[in-house]
Amino acid sequence: MIQTVTLSHPTGVLHGTIQLPASKSEANRALIIAALAGGNSTIENLSEANDTQLLQRLLKSDAETIDAEDAGTVMRFLTAYYAVTGQQKTLTGTERMCQRPIKILVEALRELGATIDYLQEEGYPPLKIKGFKGNGSNKLKVRSDISSQYISALLMIAPLLPDGLELELEGKIGSRPYIEMTLSLMEHFGVSATFEDNSIVVPHQNYKTATFAVEPDWSAASYWYSIVALAKEAEITLPGLKEDSYQGDKAIVDIMNRLGVYTEFTASGITLSKKHCEKRVAFDFSHCPDLAQTVVALCAALGVTLEMTGLESLRIKETDRIQALQIEVLGMGTSLNEMTPGVFRMEPAILTKRELTFRSYQDHRMAMAFAPIALLETVQIQEPNVVRKSYPGFWQDLEKVGFSVINNAE
Ligand SMILES: O=C(O)C1=C[C@@H](OP(=O)(O)O)[C@@H](O)[C@H](O)C1
Ligand SMILES: C=C(OP(=O)(O)O)C(=O)O
């Protein structure tokens with residue numbers, strides 16, 4: 001039996017204030033660093049995202065077998081955390097998590113002295129973390145064009161290594177703002193590092209306890225930008241969002257300024273309102289990959305010609321997000337095609353027949369990206385519970401601004 005949610009909006013007119021969930025990316029870094037710091041740090045506004053609630057539980061768990069479920073940062077960050085703290089653990093996850101590569105991180109940790117075995121396929125979870133014997137190595141070359149999470153995981157444990165760590169990043173540095181977020185949170189907890197060109201140096205040092213307040217999630221804000229863009233009339237206030245945020249997904253401000261949404265920064269957050277929308281846009285998602293689904297769904301709904309680069313990392317996330325998008329936009333009468341390697345293009349819809357039932361592929365961002373289309377016509381989203389990963393209250397927030405949200409089982 002497939003659970004679905006049926007969405008519509010009676011008027012297309014929306015005004016309201018929405019308190020976004022806290023950033024799971026910031027929260028999960030703060031949890032790992034606070035655990036490495038020892039003592040009693042305080043993390044304020046900890047995210048209600050399942051990825052964060054899960055990590056908080058697992059860090060307190062004495063279990064030998066740890067299930068990271070579908071949470072990438074939990075899997076990657078805990079692999080490094082258990083290694084450096086010498087904890088013997090079996091680390092597993094969902095079927096999809098065991099298809100998300102982790103070889104780059106495991107090989108780096110092995111070079112530093114960790115003993116880690118693959119329990120099934122070489123290069124993938126589940127892992128058996130068996131111990132750590134520092135071997136004096138503190139210089140690593142690590143590929144940075146697959147996932148920044150490997151880099152962030154190594155950086156957070158780096159100050160505990162006897163001689164610190166010197167990382168040389170090889171290849172294109174993807175999702176760079178997440179690496180910078182990691183270094184910023186490390187600094188907040190007393191650890192200094194340098195990041196010049198493709199080299200990051202973290203001397204041996206101790207973390208200090210601290211108080212850290214997690215910001216509201218800019219990735220979650222992207223769905224509210226889409227809602228304003230598709231509304232007949234709208235003014236939505238999102239308290240707590242800051243222009244000088246640690247989060248790279250604040251890039252949504254400039255992206256959506258071209259797609260019909262104006263952002264006013266106020267002392268208490270941001271207020272979104274409608275403005276002119278361009279008919280042809282091009283964006284590079286190399287440093288904000290989690291925004292791509294939001295933008296594809298919106299441009300398909302608006303009939304905007306969209307060209308995109310920087311989508312490589314989407315293949316190995318909660319689902320193959322490129323393939324999922326290519327399938328789902330077909331139901332909207334358009335297609336997303338790779339014109340040349342790495343360059344994707346989507347033209348305005350040419351078909352009028354629209355089958356607006358969207359699959360979510362066990363991916364929270366597929367469900368949330370396509371939901372705003374309910375402002376144009378009734379939409380069904382399958383497996384709506386996937387939003388718990390980052391934004392458990394998403395459907396309830398839609399109801400706060402007048403959406404009809406009907407849960408049903410097909
Ligand atoms: O470090 C993080 O918190 C994240 C990094 C990104 O992954 P990649 O670095 O694999 O692109 C992003 O997609 C993910 O949602 C969260
Ligand atoms: C890819 C994501 O998260 P993770 O990699 O941590 O599973 C996401 O939240 O879009």
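All ligand and atom numbering here is 1-based and tracks the order in the structure.
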Give every donor-acceptor pair under 3.5 Å between a side-chain atom in residues 297-309 and any protein atom, sequence neighbours left out.
residue : atom : partner : partner atom : Å
Glu307  : OE1  : Arg345  : NH1          : 2.9

Review point. Which part of Asp70 is near ligand 2, with near meaning a heavy atom under 4.0 Å away: side chain, backbone, both or neither?
Key: backbone
Point to revise | Residue pairs fulfilling salt bridge (Lys or Arg N to Asp or Glu O under 4.0 Å) with at least one residue in residues 138-148, sequence neighbours excluded | key: Lys139-Glu166, Arg143-Asp145
Check your understanding: Is Met75 near ligand 2, meaning one of its heavy atoms is under 4.0 Å from it?
Key -> no
Review point. Does the side chain of Gln247 come under 3.5 Å of the side chain of Tyr178 through a donor N or O and an acceptor N or O?
Key: no
Practice item. Anything with a heavy atom under 4.0 Å from ligand 1 counts, so go ahead and list those protein residues by chain and number. Key: Lys24, Ser25, Arg29, Thr73, Ser147, Ser148, Gln149, Ser175, Tyr178, Pro289, Asp290, Ser313, Lys317
Practice item. Among all protein heavy atoms, pick out the one at the shortest distance from atom 2 (C) of ligand 2; state its residue, atom name and that distance to 0.1 Å. Key: Glu318 OE2, 3.1 Å
**Study point:** Cationic N near anionic O, under 4.0 Å, Lys274 to Glu235
**Key:** no
Study note, to complete from the structure: Short version for Gln293: what comes under 4.0 Å of ligand 2, heavy atoms counted, is neither
**Study point:** Min N/O separation Gly72 to ligand 2 under 3.5 Å
**Key:** yes
Check your understanding: For Asn385, does its backbone N or O pair with a side-chain atom of Trp395 as donor and acceptor, under 3.5 Å?
Key -> no
Check your understanding: Counting N and O atoms only, with roles assigned by atom type, does the side chain of Lys128 sit under 3.5 Å from a partner on the main chain of Lys89, one being a donor and the other an acceptor?
Key -> no
Check your understanding: Less than 3.5 Å between some nitrogen or oxygen of Lys317 and one of ligand 2, yes or no?
Key -> no
Exercise for review: Give the atoms of ligand 2, by number and element, whose distance to some non-hydrogen atom of Arg100 is under 4.0 Å.
Suggested key: 4 (P), 5 (O), 7 (O)
Practice item. Check each atom of ligand 2 against the heavy atoms of Gln149 and keep those under 4.0 Å away; list them by number with element. Key: 4 (P), 5 (O), 6 (O)
**Study point:** Donor-acceptor contact below 3.5 Å, side chain His9 vs main chain Leu398
**Key:** no
Study note, to complete from the structure: Of all heavy-atom pairs linking Tyr207 and Ala37, the shortest is CB-CB, 3.5 Å
Exercise for review: Answer yes or no: does atom CD of Glu122 have more than 12 heavy-atom neighbours from other residues, nucleotides or ligands under 6.0 Å?
Suggested key: yes
**Study point:** ligand 2 contacted by Met97 (non-hydrogen, < 4.0 Å)
**Key:** no
Check your understanding: Can you tell me which residue and heavy atom of the protein come closest to atom 10 (O) of ligand 2, and the distance to 0.1 Å?
Key -> Arg365 NE, 2.7 Å
Check your understanding: Between Arg321 and ligand 2, which part of the residue brings a heavy atom under 4.0 Å of the ligand: side chain, backbone, both or neither?
Key -> side chain
Using residues 250-258 as the side-chain source, report each donor-acceptor pair under 3.5 Å to any protein atom, sequence neighbours left out, with the distance given to one decimal.
residue : atom : partner : partner atom : Å
Lys250  : NZ   : Ser245  : O            : 2.8
Arg258  : NE   : Glu278  : OE1          : 3.0
Arg258  : NE   : Glu278  : OE2          : 3.2
Arg258  : NH2  : Glu278  : OE1          : 2.9

Point to revise | Greater than 12 external heavy atoms within 6.0 Å of Arg388's CZ | key: no
Exercise for review: Please write down residue, atom name and distance for the protein heavy atom closest to atom 9 (O) of ligand 2.
Suggested key: Lys24 NZ, 2.7 Å
Review point. Any N or O on Arg76 sitting closer than 3.5 Å to an N or O of ligand 2?
Key: no
Check your understanding: Which is it for Phe358 and Ile373 under the side chain to side chain contact (heavy atoms under 4.5 Å, CB included) test, yes or no, and what are the steps along the way?
Key -> CA-CA 10 Å; Phe358 297 106; Ile373 296 169; 4.0 Å; yes
Point to revise | Arg110 atom CZ: more than 12 heavy-atom contacts under 6.0 Å | key: yes
Practice item. Mind checking whether Thr73 contacts ligand 2 via backbone (N, CA, C, O), side chain (CB onward), both or neither, at a 4.0 Å heavy-atom cut-off? Key: both
